[in-house]
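Accompanying notes for the structure given below.
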Amino acid sequence: QVQLVESGGGLVQSGGSLRLSCAASGFTFSMHDMSWYRQAPGKERELVASITSGGGSPNYADSVKGRFTISTDSAKKTVYLQMNSLKPEDTAVYFCNARHFLVRNLNYWGQGTQVTVSS
């Protein structure tokens with residue numbers, strides 16, 4: 001059974017930091033590109049950051065460049081999102097996504113973790 005379990009969300013003040021974790025199981029972690037998405041109330045889900053299956057080529061949405069860092073730990077089968085200098089507009093449910101690096105239709109989603117940034 002494929003599972004992606006996010007954790008690390010919470011309530012922080014503007015300017016604070018959080019590190020989100022996504023623990024993967026049930027699939028070959030090393031063969032999947034990993035991404036973080038987020039969805040705020042009334043808005044569409046948007047791509048925040050992604051990283052290739054080999055742990056390189058990180059990409060970020062313009063809104064988070066310089067503030068967020070995506071990374072992976074292959075031994076722990078976990079992807080992280082380090083979020084610094086958080087802003088109220090970062091408030092959203094953050095979702096972990098895994099996509100096979102070749103078979104792009106093979107992708108999985110976690111249930112999400114809430115991040116709330118107060119003014």
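Because only heavy atoms are used, hydrogens play no part in the values below, and waters and symmetry mates are left out as well, while side chains stay in.
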Note to self: Using side-chain contact (heavy atoms from CB on, under 4.5 Å), reason through Ser118 and Gln13 one step at a time and then give a plain yes or no.
What the structure shows: CA-CA 5 Å; Ser118 62; Gln13 293 184 346; 3.7 Å; yes

Margin query: Is it the case that the side chain of Thr91 and the backbone of Val117 share a donor-acceptor pair, with hydrogens and angles ignored and the cut-off at 3.5 Å?
Written below: yes

Notebook entry, point to check: Looking at CD of Gln39 and CD of Glu44, how far apart are the two atoms once the value is rounded to the nearest 0.5 Å?
Noted result: 8.0 Å

Note to self: Looking at every heavy atom in both Val2 and Gly26, which two are closest together, and how far apart are they?
What the structure shows: CG2-O, 3.5 Å

Next item on the list: Fit a plane to each ring of Tyr108 and His32, take the angle between them on a 0 to 90° scale, and name the class: parallel (under 30°), tilted (30 to 60°) or perpendicular (over 60°).
Entry: tilted

Check: What's the spacing between Ser50 OG and Trp36 CH2 if we round to 0.5 Å?
Finding: 13.0 Å

Notebook entry, point to check: Are more than 12 heavy atoms from other residues, nucleotides or ligands located less than 6.0 Å from atom CD of Glu46?
Noted result: yes

Next item on the list: Would you mind reporting whether Phe101 and Leu106 have side-chain heavy atoms less than 4.5 Å apart?
Entry: no

Next item on the list: Sequence neighbours left out, what pairs pass salt bridge (charged side-chain N to carboxylate O under 4.0 Å, His left out) with at least one residue falling in residues 3-30?
Entry: none

Note to self: Taking the side chain as everything from C-beta on, heavy atoms only, tell me whether Asp33 gets closer than 4.5 Å to Arg104.
What the structure shows: yes

Item checked: Lys/Arg-Asp/Glu bridge criterion (N-O < 4.0 Å) met for Lys87, Asp90 -> no

Notebook entry, point to check: So Leu47 and Ser35, side-chain contact (heavy atoms from CB on, under 4.5 Å) or not? Walk me through it.
Noted result: CA-CA 7 Å; Leu47 177 64; Ser35 300; 3.8 Å; yes

Check: Taking a hydrophobic cluster as the set of Ile, Leu, Val, Met, Phe, Trp and Tyr residues connected by side-chain heavy atoms closer than 4.5 Å, whether directly or through intermediates, do Ile51 and Phe29 fall within one such cluster?
Finding: yes

Next item on the list: Taking the side chain as every heavy atom from C-beta outward, state whether Ser74 and Ser30 have any atom pair closer than 4.5 Å.
Entry: no

Next item on the list: List the atom of Arg67, the atom of Ser85, and the distance in Å for their closest heavy-atom pair.
Entry: NH1-O, 3.0 Å

Notebook entry, point to check: Less than 4.5 Å apart, any side-chain heavy atom of Ser17 and any of Gln82?
Noted result: yes

Item checked: Phe27 CZ to His100 NE2 distance, which is reported to the nearest 0.5 Å -> 10.5 Å

Margin query: Please tell me whether Tyr60 and Val79 are part of a single hydrophobic cluster in this structure, the criterion being side-chain heavy atoms less than 4.5 Å apart.
Written below: yes

Margin query: Rounded to the nearest 0.5 Å, what separates atom CE in Met34 from atom CG in Asn107?
Written below: 11.0 Å

Check: When rounded to the nearest 0.5 angstrom, what is the spacing between OG in Ser7 and OH in Tyr94?
Finding: 15.0 Å

Note to self: Under 4.5 Å between side-chain heavy atoms, counting indirect links through other Ile/Leu/Val/Met/Phe/Trp/Tyr residues: same cluster for Tyr80 and Val115 or not?
What the structure shows: no

Check: Taking Met83 as the fixed residue, which of Thr69, Leu20, Val64, Val12 is the one that meets the side-chain contact (heavy atoms from CB on, under 4.5 Å) rule?
Finding: Leu20

Next item on the list: Could you check Leu4, Val5, Asn97, Leu81 and say which one makes a side-chain contact (heavy atoms from CB on, under 4.5 Å) with Cys22?
Entry: Leu4

Next item on the list: State the OG1-CZ distance between Thr52 and Arg99, to the nearest 0.5 angstrom.
Entry: 14.0 Å

